[in-house]
Amino acid sequence: MVVILDGKRLRNKILEGLKFEVECFDKKPSLAVILVGNDTASQIYVNSKKKTAEGLGIESKVYTYPDDVLEDTILEKIKELNEDSTVNAILVQLPLPEHINKQKVINAIAPEKDVDCFTLENTGKLFAGLEPNAYPCTPQGVLFLLDEYGINLDGKHVVVIGRSNLVGRPMGQMALMRNATVTICHSHTKNLESITKTADVLISAVGEVLIEDDMMKDDCVVIDVGISRGENGKIRGDVNFETVSKKVAYISPVPGGVGPMTIASLMVNTVKLYKEQIKRSL
Ligand code: NAP
């Protein structure tokens, strides 16, 4: 019988614990989010982050800019937020418009306020096997989910599909730090199926439906990070849930799997950065 990895349930459990913790703080933690342009998906994500944060007693400030905003305006805002001691965590919602140098903008965030492990200092630490100020939200959320269900990665073959800096790459590195044997696949990978069939844990972060039930072992753990919209407008993952869930040991659904874990992870990181900043100021 397949086990559905329930991200909503775990998110609620994590948020409940955080709410209690935040209630005990003298002052509220604060998360600042920068949103550029009017991408509907980004607006939905940012609203959901704000709502979740406020529900926990975390102050959430969203700075919204039009599509044609100057790069310097964003850089100045980040500088201001870096210097503002009442702001503990900063997130730049991606994607950014093409005329903005994404790397320059995200690297302007002070590493100690870098809530999604975007800056070169924090990614450098992560890829050196050291602890960054905060681990990247989505891969960390995936690990929270695996931990909750007692799925240990030590010695397992973890196949990650996708190599973005946001998900695939850090996911592979964090699985490696858990002593997994890791293979990262991408759009140039040949014979994808021959690799996925050897996976103990298959993590897909692509954004199109490409995982079918003949691509994995029966006892595989399948984690679906992907989000896209079907012709009916409904949200779907990379995995054909209908068929794959009849075959494998564990599977995360879309929606209700990794998505809620990413938000939970963002809240965990905001509180972590807050506590570290308080500790440093003592
Ligand atoms: P991305 O930057 O577009 O990366 C997609 C990756 O998929 C790339 O590495 C690409 O390879 C690879 N790819 C594309 N087609 C492929 C194919 N046919 N076979 C194998 N690999 C293929 O996207 P992302 O930011 O990593 O996000 C990935 C997905 O996760 C998206 O659907 C996104 O919406 C979703 N997401 C979900 C959450 C969540 O909380 N659930 C959070 C973040 C992202 P190349 O590098 O060779 O181009």
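Atoms within each ligand, like the ligands themselves, are counted from 1 in listed order. Note that the structure is predicted; figures quoted are calculated from it, not measured.
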So, taking the atom named [atom1] in [X] and the one named [atom2] in [Y], what distance separates them when rounded to the nearest 0.5 Å?
{"X": "Ile223", "Y": "Asp238", "atom1": "CD1", "atom2": "CG", "answer": "12.5 Å"}
{"X": "Cys117", "Y": "Leu166", "atom1": "SG", "atom2": "CG", "answer": "10.5 Å"}
{"X": "Asn133", "Y": "Lys272", "atom1": "CG", "atom2": "NZ", "answer": "6.5 Å"}

Which atoms of ligand 1 have any heavy atom of [X] under 4.0 Å away?
{"X": "Ala205", "answer": "5 (C), 6 (C), 7 (O), 28 (C), 29 (C)"}
{"X": "Gly259", "answer": "40 (O), 41 (N)"}
{"X": "Ile161", "answer": "20 (C), 21 (N)"}
{"X": "Leu166", "answer": "25 (O)"}

message = Test side-chain contact (heavy atoms from CB on, under 4.5 Å) on Val33 and Tyr63; report intermediate values, then the result.
response = CA-CA 6 Å; Val33 180; Tyr63 300 92; over 6 Å; no
Please confirm whether [X] comes under 4.0 Å of ligand 1, counting heavy atoms of the residue only.
{"X": "Ser228", "result": "no"}
{"X": "Thr189", "result": "no"}
{"X": "Gly168", "result": "no"}
{"X": "Cys185", "result": "no"}

request  = State, to 0.1 Å, how close Val244 and Glu212 come at their nearest heavy-atom pair, and which atoms those are.
outcome  = CG2-C, 3.7 Å
ask   = If every non-hydrogen atom of Val222 is compared with every non-hydrogen atom of Val248, which pair is closest and at what distance?
value = CG2-CG1, 3.8 Å
What protein heavy atom sits nearest [atom], and how far away is it?
{"atom": "atom 24 (P) of ligand 1", "answer": "Ser164 OG, 3.6 Å"}
{"atom": "atom 42 (C) of ligand 1", "answer": "Thr138 OG1, 3.3 Å"}
{"atom": "atom 39 (C) of ligand 1", "answer": "Thr262 OG1, 3.6 Å"}
{"atom": "atom 8 (C) of ligand 1", "answer": "Arg163 N, 4.0 Å"}
{"atom": "atom 10 (C) of ligand 1", "answer": "Ser187 N, 4.3 Å"}
{"atom": "atom 44 (C) of ligand 1", "answer": "Val167 CG2, 3.8 Å"}
{"atom": "atom 20 (C) of ligand 1", "answer": "His186 O, 3.3 Å"}

Where on [X] is there a heavy atom closer than 4.0 Å to ligand 1, on the side chain, on the backbone, on both, or on neither?
{"X": "Ile227", "answer": "both"}
{"X": "Leu210", "answer": "side chain"}
{"X": "Val206", "answer": "both"}
{"X": "Val225", "answer": "both"}

Between [Y] and [X], does any NZ, NE, NH1 or NH2 come within less than 4.0 Å of an OD or OE carboxylate oxygen?
{"X": "Lys217", "Y": "Asp200", "result": "yes"}
{"X": "Lys77", "Y": "Glu80", "result": "yes"}
{"X": "Lys125", "Y": "Glu131", "result": "no"}
{"X": "Glu112", "Y": "Arg280", "result": "no"}

note = Looking at Pro170, Gly162, Pro95, the heavy atom closest to atom 12 (C) of ligand 1 belongs to Gly162
message = Before you tell me yes or no, could you show the steps for Gln140 and Ser265 under side chain to side chain donor-acceptor pair (under 3.5 Å), namely the whole-Å CA-CA distance, both residues' side-chain angles and the distance that decides it to 0.1 Å?
response = CA-CA 7 Å; Gln140 175 173 253; Ser265 201; 2.8 Å; yes
request  = Could you tell me whether a side-chain N or O of Asp219 sits under 3.5 Å from a main-chain N or O of Ala249, the two making a donor and an acceptor?
outcome  = no
